[in-house]
Amino acid sequence: MTLVAEIKETKKQPVRGMMDNVMEQFNSAADKIHLHPNIRKILSITNNEIVVNFPVKMDNGDVEIFRGYRVQHNNALGPYKGGLRYHPTVDIDAARALAMWMTWKTSLAGLPYGGGKGGIQLDPTKYSQSELERITRRFTFALADNIGPEHDIPAPDVNTNSQTMAWMADTYMSTRPPAERTANQHVVTGKPAGSGGLEGRDRATGYGVFLSIKFWAEKKDMCLTGKKFIVQGFGNVGYWAAHFLEKEGAVLVAVQDAFGSIENQQGIMVEDLLDYTKANKGSIVDYPRATHIKKSDFFATNCDICIPAALGNQITSENALQINATLIAEGANGPTNVEGEKILLERGVSIIPDILCNSGGVVGSYYEWLQNRNGELWQLDEVMAKLEKKLRESFNKVHDYSEEENLDMRTAAYCLAIKRIERAYIERGIFP
Ligand code: GLU
């Protein structure tokens, strides 16, 4: 079948969830490495799924019921680790898939962690700051001992931030016996620097995305100066990735957020756009030094590098043919689905997969956790240097394996991640 005929065929099929996507990625890598069938069975399912419904008093005195999730996929290598997101798309399917991606991400990064993920199904723009505080505290209380500094360690994700983590840490610590309180600070990472957070954790994910692009360019003997890039999502990850790329001489030419899309082929100044969004309720819409473009035209923008840094399932068979970039650097989790990826790879587009590309965040979290556990305070330059070293090692490992085995970077990353977990199971055996 020709590529175009195949795409038409795929378009007829119903849209699949994120879990289908991650399972297909997992199974194809598991086939490549001939993963032991028993371990395939274990890794194909999640260990624990916690769903909590909890009431919160709203500013007007009414009580609203919220549904929160925490899925713990696997802890063969250490405590469950991963973010909590506040978004209308949060459901059990999304939480399972995102938890699974965390297992591969922490394994690939060589961290002593497993994978977990969760969140609350809500649109945070509809709530006041004090409502969000009460929602967060009550959610933390509802999760109770299902989280813990040596058991499951949440972190920020979509629409959650250092403030959310400060509320979580405070609530968790307040519910411990007095003598244990401060020793539990590392129950969450991504806290504000003044409350046990790590200097530089805010930029760690975006910096990691930038570094992955830089390492990729180095392998191709390519200079980033003058290279055009587009960013989907101008939140923490998108902004910091753009900030570091601009510093390296690359030019931001288009941005899309939840509210609109803008383009300027002469360049959009990153800090200027950030200042504008701060004064414009966080939105890029009507930014005066760029042109508004249609949502569906965003991925077709003329550029060299495309950074999806928003939600999952954004690059699909619907738009993969339009993409002009030669490199996709996945700042988000699961932004490219299996069908979209197939088309891109056939067209010769390189993809730095999420579990490698955005792993700077969880590596930063690990440093924060170590800092808290050891009662230390690390300096920003120290953190950035450590991050660069660690991410370079990961990038080289994936790059070399993909060359040796003639695999795309995602499959190579999965193979390496799964092998590390397989080894732990083989060495330890299965209880009893
Ligand atoms: N939410 C981030 C991710 O998806 C960070 C997770 C963490 O630091 O635990 O990787």
Side-chain angles (χ1 to χ4, degrees), residues 18 22 69-75 77-87 89-90 94-120 143 147-162 164-165 168-169 186-192 196-198 200-209 211-212 233 235-238 240-241 308-312 329-335 352-373 383 387 390-391 394 413 417:
M18 285 210 265
V22 66
Y69 300 87
R70 185 68 182 174
V71 171
Q72 299 167 334
H73 170 244
N74 187 273
N75 63 349
L77 298 175
Y80 303 103
K81 185 84 193 83
L84 289 173
R85 62 173 61 178
Y86 290 177
H87 198 271
T89 58
V90 172
R96 282 179 186 143
L98 290 159
M100 225 180 218
W101 274 312
M102 283 310 303
T103 302
W104 317 142
K105 201 186 297 185
T106 54
S107 173
L108 180 67
L111 303 179
Y113 289 143
K117 198 70 149 217
I120 310 176
L143 287 173
I147 57 170
E150 309 292 331
H151 172 50
D152 183 355
I153 307 130
D157 200 81
V158 176
N159 291 335
T160 53
N161 53 30
S162 57
T164 324
M165 295 304 120
M168 287 197 77
H186 52 308
V187 62
V188 291
T189 56
K191 299 179 290 292
L198 181 81
R201 174 62 184 84
D202 54 352
R203 68 210 65 183
T205 314
Y207 184 55
V209 172
L211 287 175
S212 304
N236 180 268
V237 182
W240 281 109
L311 295 170
E330 296 186 330
N333 291 308
I352 309 176
D354 46 11
I355 61 167
L356 172 66
C357 192
N358 70 35
S359 64
V362 75
V363 172
S365 279
Y366 172 57
Y367 295 154
E368 180 172 328
W369 187 73
L370 285 182
Q371 181 191 259
N372 294 161
R373 255 181 146 202
V383 172
L387 261 175
K390 184 101 182 117
L391 294 175
S394 291

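First listed ligand is number 1; within each ligand, the first listed atom is number 1. Bear in mind the structure is a predicted one, so any value in this text is a computation, not a measurement.
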Using a strict 4.0 Å cut-off to heavy atoms of Met102, name the atoms of ligand 1 that fall inside it.
->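 Those qualifying, in numeric order: 3 (C), 4 (O), 6 (C), 10 (O).
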Give the atoms of ligand 1, by number and element, whose distance to some non-hydrogen atom of Val362 is under 4.0 Å.
->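 Numbered from 1, ligand 1 contributes 7 (C), 8 (O), 9 (O).
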Whether Glu368 lies under 4.0 Å from ligand 1, heavy atom =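 In this structure, Glu368 fails to qualify as a contact of ligand 1 - no heavy atom is under 4.0 Å.
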Lys117 near ligand 1, heavy-atom distance under 4.0 Å?
->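 Under 4.0 Å: yes for Lys117.
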May I ask you to identify, for [X], whether its side chain, its backbone, both or neither come under 4.0 Å of ligand 1 on a heavy-atom basis?
X: Arg201; value: side chain
X: Leu98; value: neither
X: Pro156; value: backbone

Does any N or O in the side chain of [X] come within less than 3.5 Å of the main-chain N or O of [Y], such that one atom is a donor and the other an acceptor?
X: Asn236; Y: Asp202; value: yes
X: Lys390; Y: Ala109; value: yes
X: Ser107; Y: Thr103; value: no

Does a donor on one side chain sit under 3.5 Å from an acceptor on the other, for Arg201 and Ser365?
->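 Judged by distance alone, the side chains do pair up.
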If we ignore angles and hydrogens, is there a donor and acceptor under 3.5 Å between the side chains of Thr164 and Asn161?
->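 Yes, Asn161 and Thr164 have a side-chain donor paired with an acceptor closer than 3.5 Å.
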Closest protein heavy atom to [atom], given as residue, atom name and distance to 0.1 Å:
atom: atom 9 (O) of ligand 1; result: Lys81 NZ, 2.8 Å
atom: atom 1 (N) of ligand 1; result: Asp157 OD1, 2.7 Å
atom: atom 8 (O) of ligand 1; result: Ser365 OG, 2.6 Å
atom: atom 7 (C) of ligand 1; result: Ala155 CB, 3.3 Å

Flag Lys105 as yes when one of its N or O atoms lies below 3.5 Å from any N or O atom of ligand 1, and as no otherwise.
->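 Min N/O separation from ligand 1 is below 3.5 Å for Lys105.
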Quick check: does Asn358 get an N/O under 3.5 Å from an N/O on ligand 1?
->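 So ligand 1 has no N or O lying under 3.5 Å from an N or O of Asn358.
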Under 6.0 Å between the ring centres of Tyr80 and His73?
->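 Ring-ring flag for Tyr80/His73: false, centres at least 6.0 Å apart.
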Please round to the nearest 0.5 Å and tell me the distance separating atom OG of Ser212 and atom CG of Leu391.
->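 With rounding to 0.5 Å, OG (Ser212) is 6.5 Å from CG (Leu391).
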Does any non-hydrogen side-chain atom of Lys81 lie less than 4.5 Å from one of Trp369?
->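 With C-beta onward as the side chain, the pair stays apart.
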Mind checking whether Lys105 and Asn358 have side chains closer than 4.5 Å, heavy atoms only?
->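 With C-beta onward as the side chain, the pair touches.
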